[in-house]
Amino acid sequence: MSNEPITLAEALTTFDALWSPRVVTRVNDYDVRIAKVEGEHVWHVHDDTDEFFLVLSGELHIALREPDGERTVRLGQGAVFTVPRGTEHKPSSAAGASILMFEPTGTPSVGDRHDAVPAHVDATTGHPLGQ
């Protein structure tokens, strides 16, 4: 990891892969990841950690399966949302979005339990930026 400033807009121009995060920096034992997303991801659960989302551009929807039933949160540019650990969820973006996630290093973006991972997802724990 470089100890130089990173411009997220520039970092997002360095890759095109969807749902395949890049690690832009680390904070203690956490990755700060960016990703380009479009279409639907997979239903998944993180058993031991919350998952933080910040929408950098576009709109992200997160379907949630909670004890009281299913609901979908809609996040526009600049919105943040944390999915609590143990909550089954499925992010999606019809028109595409760029997002930032904050997760413990090594956490798979598809959680601990998940549907089949599509072939276009090339990294679930994040590539270093520039790869």
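Along the sequence shown, residues are numbered consecutively beginning with 1.
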query = How far apart are the C-alpha atoms of Val23 and Val32, what are their side-chain angles, what is the distance that settles it, and do they pass the side chain to side chain contact (heavy atoms under 4.5 Å, CB included) test?
reply = CA-CA 6 Å; Val23 178; Val32 178; over 6 Å; no
Identify all side-chain donor-acceptor contacts of residues 53-67 below 3.5 Å with residues at least two apart in sequence or on another chain.
from  : atom 1 : to    : atom 2 : distance (Å)
Ser57 : OG     : Ser98 : OG     : 3.4
Glu59 : OE2    : His61 : NE2    : 2.6
Arg65 : NE     : Glu70 : OE2    : 3.0
Arg65 : NH1    : Glu88 : OE1    : 3.3
Arg65 : NH1    : Glu88 : OE2    : 3.0
Glu66 : OE1    : Arg71 : NE     : 2.7
Glu66 : OE2    : Arg71 : NE     : 3.3
Glu66 : OE2    : Arg71 : NH2    : 3.3

Might you point out which heavy atoms bring [X] and [Y] nearest each other, and give the distance in Å?
{"X": "Ala17", "Y": "Arg22", "result": "CB-NH2, 4.2 Å"}
{"X": "Gly106", "Y": "Asp31", "result": "N-OD2, 3.8 Å"}
{"X": "His44", "Y": "Pro91", "result": "CE1-CD, 3.8 Å"}
{"X": "Leu12", "Y": "Ala35", "result": "CD2-O, 4.3 Å"}

message = Any heavy-atom pair between the side chains of Val37 and Leu18 that's under 4.5 Å?
response = no
query = Side chains of Ile99 and Met101: does their closest heavy-atom pair fall under 4.5 Å?
reply = yes
ask   = Looking at residues at least two apart in the chain, or sitting in another chain, which of them share a ring pair (Phe, Tyr, Trp, His ring centres under 6.0 Å) with Phe81?
value = none
task = Sequence neighbours left out, what passes ring pair (Phe, Tyr, Trp, His ring centres under 6.0 Å) with Phe52? Give chain and number order.
result =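 Partners of Phe52 by the ring pair (Phe, Tyr, Trp, His ring centres under 6.0 Å) criterion come out as none, since no residue qualifies.
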Rounded to the nearest 0.5 Å, what separation is found between the [atom1] atom of [X] and the [atom2] atom of [Y]?
{"X": "Thr13", "Y": "Leu8", "atom1": "OG1", "atom2": "CG", "value": "11.0 Å"}
{"X": "Asp48", "Y": "His46", "atom1": "CG", "atom2": "NE2", "value": "11.0 Å"}
{"X": "Ser93", "Y": "Glu40", "atom1": "OG", "atom2": "CD", "value": "10.5 Å"}
{"X": "Ile34", "Y": "Thr14", "atom1": "CD1", "atom2": "OG1", "value": "6.0 Å"}
{"X": "Glu103", "Y": "Glu51", "atom1": "CD", "atom2": "CD", "value": "4.0 Å"}

key: Enclosure of Phe102 CZ (heavy-atom neighbours >12, cutoff 6.0 Å)   = yes
ask   = Quick one: salt bridge (Lys or Arg N to Asp or Glu O under 4.0 Å) partners of Asp16, sequence neighbours excluded?
value = Lys36
request  = For side chain to side chain contact (heavy atoms under 4.5 Å, CB included), just list the numbers for Arg26 and Thr105, CA-CA rounded to whole Å, side-chain angles, deciding distance to a tenth of an Å, and then say yes or no.
outcome  = CA-CA 8 Å; Arg26 290 202 170 94; Thr105 298; 3.5 Å; yes
